[in-house]
K.L.:
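Once you've had a glance at the structure underneath, I'll fire off some questions.
All values reported here derive from a predicted model rather than from experimental measurement. Because only heavy atoms are used, hydrogens play no part in the values below, and waters and symmetry mates are left out as well, while side chains stay in.
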Amino acid sequence: QVQLVESGGGLVQAGGSLRLSCAASGSIFSINTMGWYRQAPGKQRELVAAITSGGSTDYADSVKGRFTISRDNAKNTVNLQMNSVKFEDTAVYYCNLYMWSLTYWGQGTQVTVSS
């Protein structure tokens with residue numbers, strides 16, 4: 001079994017910063033992709049950022065230059081540093097792990113950006 005536990009969500013003012021963390025536990029294969037998705041009310045879940053175990057990254061256009069994803073392979077953790085947040089970044093953020101053609105999700109953490 002694989003479990004993903006997120007932390008770090010909360011309320012932040014527009015223009016501020018927030019850091020999300022996710023820890024994966026269980027049977028984790030060394031070759032995998034971890035990432036963050038988000039879902040705002042009334043919208044579909046969308047990719048925010050992803051990082052492979054080799055360090056390759058991918059970002060949604062809307063967060064490029066503002067968000068940074070990083071990971072610690074030894075600890076099976078992934079972080080999302082969110083800078084210069086905007087009101088439209090408000091959403092539930094989900095940690096994601098993809099390996100062996102299987103996808104795992106965390107329970108989600110709320111990020112609310114206030115004006």
K.L.:
Indicate the atoms forming the closest heavy-atom contact of Arg71 with Asn32, along with that distance.
P.N.:
NH2-OD1, 2.7 Å
K.L.:
State whether Lys64 and Asp61 are salt-bridged, where the test is any N-O pair (Lys NZ or Arg NE/NH1/NH2 against Asp/Glu carboxylate O) under 4.0 Å.
P.N.:
yes
K.L.:
Tell me if a side-chain donor or acceptor on Gln3 pairs with a main-chain N or O of Gly26 at a distance below 3.5 Å.
P.N.:
no
K.L.:
Hey, what do you get for SG (Cys22) to CD (Glu6), rounding to the nearest 0.5 Å?
P.N.:
5.5 Å
K.L.:
Between Thr90 and Gln110, which heavy-atom pair has the shortest distance, and what is it?
P.N.:
CG2-NE2, 4.0 Å
K.L.:
Please answer whether the main-chain N or O of Ile69 pairs with a side-chain N or O of Tyr59 as donor and acceptor at a distance below 3.5 Å.
P.N.:
yes
K.L.:
Please assess Arg66 against Asp89 for the test side-chain contact (heavy atoms from CB on, under 4.5 Å), listing each intermediate value before the final yes or no.
P.N.:
CA-CA 11 Å; Arg66 299 188 298 120; Asp89 294 322; 2.8 Å; yes
K.L.:
Find the distance between CD (Gln13) and CG (Leu18) and round it off to the nearest 0.5 Å.
P.N.:
12.5 Å
K.L.:
Does Ile51 form a side-chain contact (heavy atoms from CB on, under 4.5 Å) with Thr33? I'd like the steps, not just the answer.
P.N.:
CA-CA 6 Å; Ile51 183 168; Thr33 298; over 6 Å; no
K.L.:
Can Val92 be reached from Leu97 by stepping across I, L, V, M, F, W or Y side chains whose heavy atoms are under 4.5 Å apart?
P.N.:
no
K.L.:
Take atom CD of Glu88 as the centre, draw a 6.0 Å sphere, and report whether it contains more than 12 heavy atoms from other residues, nucleotides or ligands.
P.N.:
yes
K.L.:
Taking Leu4 as the starting point, is it possible to reach Tyr98 by hopping between hydrophobic residues whose side chains are less than 4.5 Å apart?
P.N.:
no
K.L.:
Is the Lys NZ or Arg CZ of Arg38 less than 6.0 Å from the centre of Tyr94's six-membered ring, within 45° of the axis?
P.N.:
no
K.L.:
Might you work through the side-chain contact (heavy atoms from CB on, under 4.5 Å) test for Arg19 and Met82, ending with a clear yes or no?
P.N.:
CA-CA 6 Å; Arg19 184 177 178 87; Met82 305 168 60; over 6 Å; no
K.L.:
How close do Ala74 and Asp72 get, counting heavy atoms only, and between which atoms?
P.N.:
N-OD1, 3.0 Å
K.L.:
Taking Gln81 for the side chain and Thr68 for the main chain, is one N or O donor matched with an acceptor at less than 3.5 Å?
P.N.:
no
K.L.:
Is any side-chain heavy atom of Leu20 less than 4.5 Å from a side-chain heavy atom of Asn79?
P.N.:
no
K.L.:
Assess the pair Tyr37 and Trp105: is the distance between their ring centroids shorter than 6.0 Å?
P.N.:
yes
K.L.:
Please find the pair of heavy atoms, one from Ala91 and one from Ala40, that lie closest to each other, and give the distance.
P.N.:
CB-N, 3.8 Å
K.L.:
Set out, in order, the CA-CA distance, both residues' side-chain angles and the distance that settles side-chain contact (heavy atoms from CB on, under 4.5 Å) for Asp58 and Leu47, then state yes or no.
P.N.:
CA-CA 9 Å; Asp58 187 25; Leu47 172 69; 3.7 Å; yes
K.L.:
Side-chain contact test, heavy atoms from C-beta onward, threshold under 4.5 Å: evaluate it for Cys95 versus Val78 and give yes or no.
P.N.:
yes
K.L.:
Would you call the rings of Phe29 and Trp100 parallel, tilted or perpendicular, taking 30° and 60° as the class edges?
P.N.:
tilted
K.L.:
Minimum heavy-atom separation for Leu80 and Ala49, please, with both atom names.
P.N.:
CD1-CB, 4.2 Å
K.L.:
Any pair with a residue in residues 30-72 that passes disulfide bond (SG atoms under 2.5 Å apart), sequence neighbours left out, goes on the list, sorted by first then second residue, please.
P.N.:
none
K.L.:
To the nearest 0.5 Å, what is the distance between CD on Gln1 and OG on Ser27?
P.N.:
9.0 Å
K.L.:
Can you tell me how far CD of Glu46 sits from OG of Ser62, rounded to the nearest 0.5 angstrom?
P.N.:
5.5 Å
K.L.:
Would a single hydrophobic cluster contain both Met99 and Leu102, if residues Ile, Leu, Val, Met, Phe, Trp and Tyr are joined by side-chain heavy-atom contacts under 4.5 Å?
P.N.:
yes
K.L.:
If only side-chain N and O atoms count, and only distance matters, is there a donor-acceptor pair under 3.5 Å linking Asn73 with Ser53?
P.N.:
no
K.L.:
Any side-chain heavy atom of Phe67 sitting closer than 4.5 Å to one from Val48?
P.N.:
yes
K.L.:
Assigning hydrophobic clusters by single linkage (Ile, Leu, Val, Met, Phe, Trp, Tyr; side-chain heavy-atom cutoff under 4.5 Å), is Val2 placed with Ile31?
P.N.:
yes
K.L.:
Hydrophobic cluster membership, with links at side-chain heavy-atom distances under 4.5 Å among I/L/V/M/F/W/Y: are Leu11 and Phe87 in one?
P.N.:
no
